[in-house]
Structures are given as structure tokens and as C-alpha cells.
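To keep things clear, I will list the structure first and then write my remarks on it.
What you see is a predicted model, and the numbers here were worked out from it, not measured in a lab. Computed over heavy atoms, backbone and side chain alike; hydrogens, waters and symmetry mates excluded.
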Amino acid sequence: MSDTRLKKDPVLSELEKKYAELQRKHQQENSETYHNDRATLTGISKKAFAVEGTKNEDEMTAEELLREEKVSGNMIRSAVDSIIKDKRFSDDLDYQDDNSSKLAKHVQKGAVDLRKMETHEAKKLSDALDRCQLCIENDNICADMLSMAKNVYLTLPPSPEIAKYSAMIVPINHVKNTLYCDEDEWEEIRNYMISLSRFYYEKLNKAVVFYETSIYKYNHAAIVAVPIPMSLSSTIQGYFKESIISQTSDFEQQHKSIVDTLAKSEVMGRDSFKHLIAKEAPFFHVWFTLNGGLGHVVEDVSSWPKRDLFAREVLGGLLKVDPLTIRKQGRWEKDDPRVTEMSMIYKDYDWAEQMYN
């Protein structure tokens, strides 16, 4: 029978109508079943996760909050584990797309833990600021200042110092290291480095090295100036280089242990230190000239000498300082007589005093 005759057959037309009606009823029944099942499951889910009726977090007791956190935490871990252990998650790209969003939702629910961590870190920082002896607003501020500019001040290192008439250049703001300092702060830092260099050369007939140690999270930045005999100025770079290499752990020796900011300063200028060392990293840096010296990124902090002991050991060894004095943890003293003595001979080189007074 031809297609044309079939299309004109009234019996066939009636059958097509009945088929379309049956198909519509079948789709409607499936839809109702789906919504009923979903409502049932939703009711079960709400009942399973309800905590003391409709209380919000502000109305819950500590025990109720703890119980809810424990239940939800176990559910999150269970859901995440089931997704991660599912082989299809690693093999099926479409399946990954569907379940990655589920995993992301569970991860986002853990954001409260991150907030708690940030609060804990903020408290630790606040405690560190309250105890800091280099923050000028604190009652336990270190020895009296030798000089103060707008953003930076000059004081003495704690006693016992490695060499007499050593000094410390300190930003007023509590920053982890001087790489966090802005241009105004750095301009004053450099002014103090220049004035101290002149002071040591003209008054004491000595050269100077400056060093900074930044290995602690809540450290207050400071650059220490140590006068050395002129005879050491041409060889001291080699001593520091050898000491850094010998101090470096086996792991760190697989990486570049020496950052030669002095050599790079020929191209980069006086800012080579800023460009070559990341401010976020623990580091040690020593200046042999105003433009640069040697730096080292400390990857294994646990094996590095505490505080500024590394620089004290290198310089103390060269200056033949008693080993007990080198290793002694210094302290600042109120009404330190060293301050009066240093102030008298440094006053003619105090650029801040001349500029602001």
C-alpha cells in the first residue's frame, strides 16, 4: 500500500490521536511522581537536619551549635570523600563537571574555619605589636633614640653589641622587613645609611656593613650598622659568601643560595635589593656599599641561626669577639649610657636634626 493511501486512511488518523493522548498522560504521571518523591525526600532531609525546630545560630546554645557543626562537618567530609573516591570523577569529563560544583559547595561551607584562622592570626599579630620593643608607642620601647625623622628613627642595638658604636635604623611603622617600606621611608633609611657611613669613616676611621635579618613572621624591620676596620672592607664579602654557603642546608643547596645585589646594582642601581628579593620570603641581606651586597632567601628557617645570630657570628669571628658575647641574646636598657656617648659624637652627622630642627 502506498504512503499516500495510508495518510488518507481514517483508521490510521484515529490511532495517531489515541497514541498522542496516551503519551501526554504518561508524561504527566511521571512528572507528578517525580515532584511527590522530591517533596518526600525534602521533608526527610529537613527533618534529619533540623536542630531544635527553627532556631537560628544566635538562638542556639553552645551545645546545639557544636552538635550542628559536628553533624554538618561529618556530612561534608562524607560527601567530599565519596566524590574523590568515585572513579568516574577522574575518568569522565562530564561527570567531573557535575560533581566539581558539588565539591566546591562543600569547600565553601568550610570558609568559617578560614575566618577563625584569620581571627587567630590577627590576635597573634596584635599581641606581637603590644610586646614589640621597636614600636615607639609602646611602654616597653627600647633604649632612647639617637635620632628621629618623620618615618624612620635611629637607635642602638641591644647590649652586648658586636662592635662599639653600632646602630640600628628602624621604620616607625611595624613592618616585617624594609622591603615593605614605601619610597618616603626608604629615602630616610638611605639618608641614615649615608650619614652613618660618613660618621664611621670621618670620626672613627672605619668602614661599615649594614645587615637585615627577616625570618620571623611578626618581626619589626631593622637594619643594623656595624663599624669594621678598614683592612676588612676588601675581604669581608668573601667571608659572608662562604658563611652563607656553609650555613645553607642540603635542600637549599639545590637552589641558588647567593643573591648578589652588589653585582646587579651596576645594572639596576641602588634598588637591586628591592628587585631581587621577595618581601614575603624569609631572608638575610648584608650591604657592603650603599647600593648592595649579598642576600640569601632562607628556605629552611628551622636550620637558620635564631634572631641575628648569623651576622653576629660572622662579624664577631672577624673582629675576634668573645664567643659568649657573640651568642648572648641582647637586651635594651633604660637610661643606657651608650646612648649619651653616641649622641655626643654623632650629632654633627644627624641629618634629621639638621633638616627638621
Distance-minimising heavy-atom pair for [X] and [Y]:
| X | Y | value |
| --- | --- | --- |
| A128 | Y218 | CB-CB, 3.7 Å |
| S166 | E161 | N-OE1, 3.7 Å |
| Q133 | W332 | OE1-CE3, 3.6 Å |
| I244 | S257 | CG2-O, 3.9 Å |
| I189 | V152 | CG1-CG2, 4.0 Å |
| P229 | L319 | CD-CD2, 3.5 Å |

Between [X] and [Y], does any side-chain donor sit less than 3.5 Å from a side-chain acceptor?
| X | Y | result |
| --- | --- | --- |
| E202 | Y349 | yes |
| S147 | Y346 | no |
| N151 | E188 | yes |

Basic-acidic side-chain contact under 4.0 Å: D271, K274: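 Between K274 and D271 there is a salt bridge, with a charged N closer than 4.0 Å to a carboxylate O.
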Would you call K164 and E341 a salt bridge, using N to O less than 4.0 angstrom?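 Result for this pair is yes, salt bridge flagged.
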Kindly indicate, with the supporting measurements, whether the criterion salt bridge (Lys or Arg N to Asp or Glu O under 4.0 Å) is fulfilled by K123 and D127. CA-CA 6 Å; K123 186 178 186 308; D127 291 342; 3.2 Å; yes
Heavy-atom distance under 4.5 Å between the side chains of [X] and [Y], does that happen here?
| X | Y | value |
| --- | --- | --- |
| M168 | L156 | no |
| H220 | V170 | yes |
| L179 | F283 | yes |
| M342 | F199 | yes |
| H296 | V298 | yes |
| F310 | F240 | yes |
| M230 | N205 | yes |

Mutual orientation of the aromatic rings belonging to F284 and W304 [parallel < 30°, tilted 30-60°, perpendicular > 60°]: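 The arrangement is tilted - the two ring planes meet at 30° to 60°.
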Kindly determine whether K150 and Y356 satisfy side-chain contact (heavy atoms from CB on, under 4.5 Å), including the steps that lead there. CA-CA 9 Å; K150 289 185 177 179; Y356 298 123; 3.6 Å; yes
Would you find a donor on one side and an acceptor on the other, under 3.5 Å apart, between the side chain of [X] and the backbone of [Y]?
| X | Y | result |
| --- | --- | --- |
| H285 | G292 | no |
| R190 | R270 | no |
| R338 | P157 | yes |
| S243 | Y239 | yes |
| T289 | N291 | yes |
| D260 | A263 | yes |
| N177 | S214 | no |
| R312 | T325 | yes |
| E212 | T178 | yes |

For the pair Y211 and W287, evaluate ring-ring contact (aromatic ring centres under 6.0 Å, His included) and give the outcome as yes or no after the intermediate values. CA-CA 6 Å; Y211 69 83; W287 286 262; 9.2 Å; no
For [X], does the [atom1] atom have more than 12 heavy-atom neighbours from other residues, nucleotides or ligands under 6.0 Å away?
| X | atom1 | answer |
| --- | --- | --- |
| R307 | CZ | no |
| K264 | NZ | no |
| Y201 | OH | no |

Taking atom [atom1] of [X] and atom [atom2] of [Y], what is their separation to the nearest 0.5 Å?
| X | Y | atom1 | atom2 | result |
| --- | --- | --- | --- | --- |
| I236 | I228 | CD1 | CD1 | 3.5 Å |
| M145 | L154 | CE | CG | 10.5 Å |
| L294 | I245 | CG | CD1 | 9.5 Å |
| L309 | I326 | CG | CD1 | 8.5 Å |

Let me see the working for L290 and I194 under side-chain contact (heavy atoms from CB on, under 4.5 Å), right down to the final yes or no. CA-CA 7 Å; L290 296 175; I194 292 169; 3.5 Å; yes
Given N138 and C132, is the side-chain contact (heavy atoms from CB on, under 4.5 Å) satisfied, shown in steps? CA-CA 7 Å; N138 288 346; C132 181; 4.1 Å; yes
Quick one: do V297 and Y180 end up in the same hydrophobic cluster if we chain Ile, Leu, Val, Met, Phe, Trp and Tyr together by side-chain heavy atoms under 4.5 Å apart?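 No, V297 and Y180 fall in different hydrophobic clusters.
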Quick one: do L129 and V175 end up in the same hydrophobic cluster if we chain Ile, Leu, Val, Met, Phe, Trp and Tyr together by side-chain heavy atoms under 4.5 Å apart?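 No, because L129 and V175 fall into different hydrophobic clusters, even though each may have its own neighbours under 4.5 Å.
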